[in-house]
Chemist: 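This is the structure I want to talk about, given as structure tokens.
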Amino acid sequence: MNEQESIALAQFCADQYYAFDARAWLRRSKYDRNASTVAAMYLSMTSWYGHEDELGRVASDALALHASGEEFQRGAQASPFNPEVFARMVQSEIAARQLGRVPPGKSAPENRGAAH
């Protein structure tokens with residue numbers, strides 16, 4: 001995942017922090033090479049994001065859509081995930097929305113999980 005994709009995913013996660021929609025996560029997972037599934041798994045294990053149960057189901061459902069875990073594993077290895085950096089990015093996006101710099105849900109449509 002390149003920097004632009006990481007930023008878009010962090011913006012999506014910040015939008016979802018305020019208006020969680022499991023279907024948006026599943027739609028997004030189909031076109032972002034499963035980066036959002038990895039993010040959902042990670043965020044489901046944090047104490048600060050919330051939506052733990054829903055995110056756990058999203059990750060499980062997304063993984064179940066694959067005939068085997070091999071495709072997911074290849075995608076995860078192709079784009080290394082740094083949880084500390086990602087957490088800072090998402091927390092920064094959430095803070096920006098709390099300060100009113102970015103209204104929730106006002107990111108680009110692809111950041112909100114629009115189907116492609």
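Residues: numbered from 1 along the sequence shown. Predicted model, so just to flag it, every value in this text is computed and none were measured.
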Chemist: Is there a side-chain contact between T37 and Y42 in this structure, where contact means two heavy atoms from C-beta onward sitting under 4.5 Å apart?
Modeler: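 T37 does not reach Y42 side chain to side chain.
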Chemist: Tell me the closest heavy-atom pair linking F86 and C13, and the distance in Å.
Modeler: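 Heavy atoms of F86 and C13 come nearest at CZ-SG, 3.7 Å.
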Chemist: Between CD of E54 and CG of L43, what distance do you get to the nearest 0.5 Å?
Modeler: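 Going from the CD atom of E54 to the CG atom of L43 covers 12.0 Å.
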Chemist: Going only through I, L, V, M, F, W and Y residues with side-chain contacts under 4.5 Å, is there a path from L9 to Y18?
Modeler: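 As far as the 4.5 Å side-chain criterion goes, Y18 and L9 are connected within one cluster.
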Chemist: Report the residues that fulfil ring pair (Phe, Tyr, Trp, His ring centres under 6.0 Å) with Y49, sequence neighbours left out, ordered by chain and then residue number.
Modeler: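 In terms of ring pair (Phe, Tyr, Trp, His ring centres under 6.0 Å), with neighbours along the sequence ignored, Y49 is linked to Y17, H51.
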Chemist: Can you list the residues that meet the side chain to side chain contact (heavy atoms under 4.5 Å, CB included) rule with E3, with sequence neighbours excluded?
Modeler: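 By the side chain to side chain contact (heavy atoms under 4.5 Å, CB included) rule, E3 matches I7.
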Chemist: Taking side chain to side chain contact (heavy atoms under 4.5 Å, CB included) as the test, write out the residues that go with S44, two or more places apart.
Modeler: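 Only L55 meet the side chain to side chain contact (heavy atoms under 4.5 Å, CB included) criterion with S44.
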Chemist: By side chain to side chain contact (heavy atoms under 4.5 Å, CB included), which residues pair with N2, not counting sequence neighbours?
Modeler: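 Applying side chain to side chain contact (heavy atoms under 4.5 Å, CB included) to N2 gives Q4, E5.
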Chemist: Which atom names give the shortest non-hydrogen contact between L26 and V58, and what distance separates them?
Modeler: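 Residues L26 and V58, closest heavy atoms: CD2-O, 3.7 Å.
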Chemist: Checking E52 now: which residues fulfil side chain to side chain donor-acceptor pair (under 3.5 Å) with it, not counting sequence neighbours?
Modeler: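 Partners of E52 under the side chain to side chain donor-acceptor pair (under 3.5 Å) test: none.
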Chemist: Would you call F20 and D15 a side-chain contact if the rule is heavy atoms closer than 4.5 Å?
Modeler: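 A side-chain contact under 4.5 Å is absent here.
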Chemist: Could you tell me the separation between the CE atom of M89 and the CD atom of E84, rounded to the nearest 0.5 Å?
Modeler: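 That separation rounds to 13.5 Å.
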Chemist: Establish whether W48 and L99 are linked, either directly or via other cluster members, by ILVMFWY side-chain heavy-atom contacts under 4.5 Å.
Modeler: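 No; L99 is not reachable from W48 via cluster members.
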Chemist: Donor-acceptor check, side chain of S60 to backbone of G56, threshold 3.5 angstrom: yes or no?
Modeler: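 At least one qualifying donor-acceptor pair exists.
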Chemist: My understanding is that only residues two or more places apart in sequence, or in another chain, count here; which of them pass side chain to side chain donor-acceptor pair (under 3.5 Å) with D21?
Modeler: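 Side chain to side chain donor-acceptor pair (under 3.5 Å) list for D21, sorted by chain: R23.
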Chemist: Do you know which two heavy atoms are closest between M41 and A59, and how far apart they sit?
Modeler: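 Nearest heavy atoms, M41 then A59: CG-CB, 3.2 Å.
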Chemist: Could you tell me whether R97 and E93 have a side-chain N and a carboxylate O separated by less than 4.0 Å?
Modeler: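 Here R97 pairs with E93 in a salt bridge, since their nearest N and O are under 4.0 Å apart.
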